[in-house]
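See structure below.
Below, chain A is the first sequence line, B the second, and so on; all start at residue 1.
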Amino acid sequence: MTQTPAQTELPPQYDPASSEAALYKEWLDAGIFTADPSRSRRNGGDRKPFVIVMPPPNVTAVLHMGHGLNNTVQDVIIRWRRMCGDEALWLPGTDHAGIATQNVIEKQLAGEGKTRFDLGRDAFVARTTGFVSETGGTILEQLKAIGSSCDWTRTAYTLSPELSKAVREAFVQLHERGLIYRGHRVIHWCSRCLTSLSDEEAEHSEETGALYHVSYPLTDGSGSITIATTRPETMLADVAVAVHPDDERYKHLIGKTLTLPIANVEIPIIADAEGVDPAFGTGAVKITPAHDANDFEMGTRHKLPMPVILSPEGTMANGVDAGSRVPSELLGIDRFEARERVVQMLKHLNALVKIESHTHAVRHCYRCDTVVEPRLSDQWFVKMKPLAEPALQAVRDRKIRILPERWEAVYVNWLEGIRDWNISRQLWWGHRIPVWYCDACGEVTVSRDDIANCPKCGGPARQDEDVLDTWFSSWLWPFSTLGWPNKESVDLKAFYPTDDLVTAPEILFFWVARMIMGGFAFMGEAPFHTVYLHGTVRDMKHVKMSKSLGNGIDPLDVRALFGTDALRYTVIAGLGMGADVMLDPTDLEKSFAPGRNFVTKLWNIGRFLLTNVGEETVQPLDAISADRLRRADRWILHRLNEAIAECDAALGPARPRDGVWAESELRSGLRLSEYTEAARRFVWNELADWYLESTKSRIAGGGDDSDVARAVLAHCFDSALRLLQPIVPFITDMLWRRLPIAAEDRGDFVGRAAWPQRNEKFAAEPEFELVREAINAVRQLRADYSLPPGERIHAHLDTSAGANGSRDQSVFADEGEFISRITRCEISADGTGGSEAGATILLSSGSKIVVPLAGVIDMEKECRKTKAELEKLQNQLTALEGRLDNPGFTDRAPANVVAAERQKQIEWTARREQLTQKVISLCGS
RNA sequence: GGGCGAGUAGCUCAGUUGGUUAGAGCGCCUGCCUUACACGCAGGAUGUCGGGGGUUCGAGUCCCUCCUCGCUCACCA
């Protein structure tokens, strides 16, 4: 692209729609998002790598505000680091999302009146693959639309051949290390998705159910025992009733048998101290080993049979070991309908004692919300305890920090109670489990490569039908995407470990914790040093946005209305650490006003500034000697220093020193709203509101001073645009490329310009602060007296009382033109005050501004106001003096605090004198 | 039920190791179309810092307690 400042006139209105796509294409064409592993220090280059791997969205996903927020945060961070000179890599990709994607295709099939079983496995997988290859890039294209500066040359996909290889390697390695095993136990079963779920995928939710008390008669007719259950239909699979061995109510019955109503099966009364709480319910527990995890444990302990009475679909059936327990009239009935019927049957048998209302936690499928059924089956599990240890230690040792801090406790709490991970899914869409069974000799083979024959007996080998949990591929993401298991991979060397992981708290366990475990298990190193958990996008009632609830906002709608930058600015500015973002889906205008307003303001600042600075290249700041700078120049350059410092403090440090977070830095950085506010305040409230105003006449006046003002303006705006680029990359680039700055001081795009540095030459500028104080006071006075905005007034500077008289006179003499222009008030700077009665402005320097307002001023009102001010000050001063008279304070408070209080006392006392004088002159005696 | 967190201006949130006049954005009120911007400019109002108790010379900040929300984990059938 051309280096010449754009000659084109900036249109009065910023039109994002007409420029965003073209700008993004320029960035892509220039390859500014593409990371180069040879530049990474780890590969002998001279740059620190800075890497973020994107939480891969589902391959079937469509962009929503959650993605918008998540990816904007990552983009802001990576753009910041890119400007700071890091070899920045933001690695994008998608996730094959087993259950979700399979559901999409099954729904399609249902529309055609078919099921996946009609197609068969191969055809189903082929169809799904086809669907994904057609639509799978949608969300990634949408991410481009919102400006995401990902390295698209490295786009990954969990079901790609490369990542599938990683999955298999991981499985085999863990198996070799004895950390993967096949277990026969009760797992969570979704009867709609027809698959098992991990503990994390079966979410608890509180529900009001019922506790059914059912009487089981003793077989010998000598009485009965009443059990309590929430799922009476499962009684058909009962194999025993357990009581506590010390329970006096039942002690004598242990060893006797009961006749199970309806099923008419004889079952024993057993004693179990672990599984029975005598205080709950009736103190007698029905044991249903095949349909309850706890009962399974007891069943195993007591070597009880484990009949299955539910089909995979959740209907009543006589399954394994069930004989004819389920009567024919219940066969094929859905479990919830069966519950009602069983209760009715028990009523008829006079076996139902009572029904109590009972709130308890019921597990639901996290994908489809179906009530999860505990089900006995064979599944593959990962032994988690050994994997959790280093993951726990890494956080304790501060190799990894989690922001906001409170999530660390949640993380630790979860890992300490970790349970084995069921990784088998009875789906067709996913990584097929790399295990082969030989029906001839019974050999089980775990293999990196597909096998056709049993390595032991040569008989035909049959691969496990199941696929792996999608998260089993996700937990490898930080290194599988970089080439693992090829340890010689250049990318892996250059970019692992990564730096920040940005996601929502919902997947802290599903993904983040497991990734950390995976990092240690397969790479021997933590995958990142910072986990940044951002809030959730909610509506005005604080309800999480979702398509199904209809309270969502489409980021692309927002983009069409206000532009990408407005969208990005709004969410980043509103994103306090860990705080949720509230947006109103019914009023986009209002919701995105902060971003839209800011972008418009920035555009107008740019328009004005570029017009005034003109197209002739300005001198670099370094070429301007100190004596050419005026108060306003020094002031704004100091304010810029402060803004840079605030942005840096809010954003960084980017990484821990020596791999471990120091206590002092453990909680700092990534305060994106603070960073945004610091940059906004500089460009809007300081550069535009004050400095820009102060340069108007200087630039119009021409000459050397004009060149100085032009140079300072260009420099400050250049820096401001750089500070803002990560948040609003489009408009900053549009404006920045038009700045008339020498070619050698810039690059091609602001997106890879250097992050601004403080210039210690510029310190605080109290004389310009005095000017601002005077201007503010005059403005306030004009408003107080409702002086027409157009009316010019006159005032006198009275320096007789202050210690800075001559300085103040020269300040007001020099800056008079500026003051007068923006306040329409001429201030005579001769220091004499003047004789007319008027309002008095007391400046902190000790000088006064006397504004004669004969006929306008309301002496009584002015008197009242001043008296009130004096009274308030007097009260504060009294308290202050009381403090300073208190030895308890002066002796025990730190010296600097006491000194500050004494200084304040001097200032307040002086001001009290000023005010007292003012009261006397205004109010008479 | 276990663990954790929050309650500060109408709303969303900042408030560093306790330091004494508690801040920002948005919203609200008043006046202005001042030749970059009314998506703007200027001015203004608003808080017993959830309640109560305590430690301290001093508490939004530390301790106790109560109340109210939220998150997270959990096999009380």
Whole angstroms only, please: what is the [atom1]-[atom2] distance between [X] and [N]?
X	N	atom1	atom2	answer
A:Y411	B:C71	OH	C1'	18 Å
A:E901	B:U21	CD	C1'	11 Å
A:L877	B:U20	CG	C1'	14 Å

Could [X] and [Y] be called an ion pair, given the rule that one side-chain N must be under 4.0 Å from one carboxylate O?
X	Y	answer
A:R396	A:E416	yes
A:R401	A:E665	no
A:R231	A:E373	yes
A:K904	A:E901	yes
A:E642	A:R681	no
A:R185	A:E297	no

What's the gap between [N] and [M] when it is taken at their [atom1] atoms, as a whole Å value?
N	M	atom1	answer
B:C26	B:U68	P	36 Å
B:G5	B:A42	C1'	42 Å
B:C28	B:C39	P	13 Å
B:U16	B:G3	P	27 Å
B:G7	B:C75	P	31 Å
B:U17	B:A59	C1'	14 Å
B:A24	B:U46	C1'	15 Å

Nucleotide-level pairing of RNA chain B, given in dot-bracket where Watson-Crick and G-U pairs need both distances under 3.5 Å and | marks other strands:
(((((((..((((.....[...)))).(((((.......))))).....(((((..]....))))))))))))....

Looking only at the side chains, is there a donor atom on one of A:R792 and A:S820 sitting less than 3.5 Å from an acceptor on the other?
yes

Any residue meeting side-chain hydrogen bond (donor to acceptor under 3.5 Å, both in side chains) with A:Y411, in chain and number order, not counting sequence neighbours
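Testing A:Y411 for side-chain hydrogen bond (donor to acceptor under 3.5 Å, both in side chains), a comparison that skips the adjacent residues, returns none.
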
Reading nucleotides 72-77 of chain B from the 5' end, what letters show protein touch, with B for base, S for backbone sugar-phosphate only, - for no heavy atom under 4.0 Å?
SSBBBB

Tell me, for nucleotides 36-48 of chain B in 5' to 3' order, what letter each nucleotide earns: B for a base near a protein heavy atom under 4.0 Å, S for only sugar-phosphate near one, - for neither?
BB-BSSSSS----

Please enumerate all protein N or O atoms sitting under 3.5 Å from an N or O of nucleotides 55-58 of chain B, with distances to 0.1 Å.
| unit_1 | atom_1 | unit_2 | atom_2 | d |
| --- | --- | --- | --- | --- |
| B:C57 | OP1 | A:R892 | NH1 | 2.0 |
| B:C57 | OP1 | A:R892 | NH2 | 3.0 |
| B:C57 | O2' | A:N886 | ND2 | 3.2 |

Nearest nucleotide by nearest heavy atom, which residue falls closer to the 5' end of RNA chain B, A:A879 or A:A409?
A:A409

Protein-nucleic acid N or O pairs under 3.5 Å, nucleotides 9-18 of chain B:
| unit_1 | atom_1 | unit_2 | atom_2 | d |
| --- | --- | --- | --- | --- |
| B:U12 | OP1 | A:H542 | NE2 | 3.1 |

Minimum heavy-atom distance A:P289-A:V186, with the two atoms named:
O-CG2, 3.2 Å

I need the minimum non-hydrogen distance between A:D539 and A:M582, along with the two atoms involved.
O-SD, 4.0 Å

Aromatic rings A:F509 and A:W414: how do their planes relate, parallel, tilted or perpendicular, breaks at 30° and 60°?
parallel

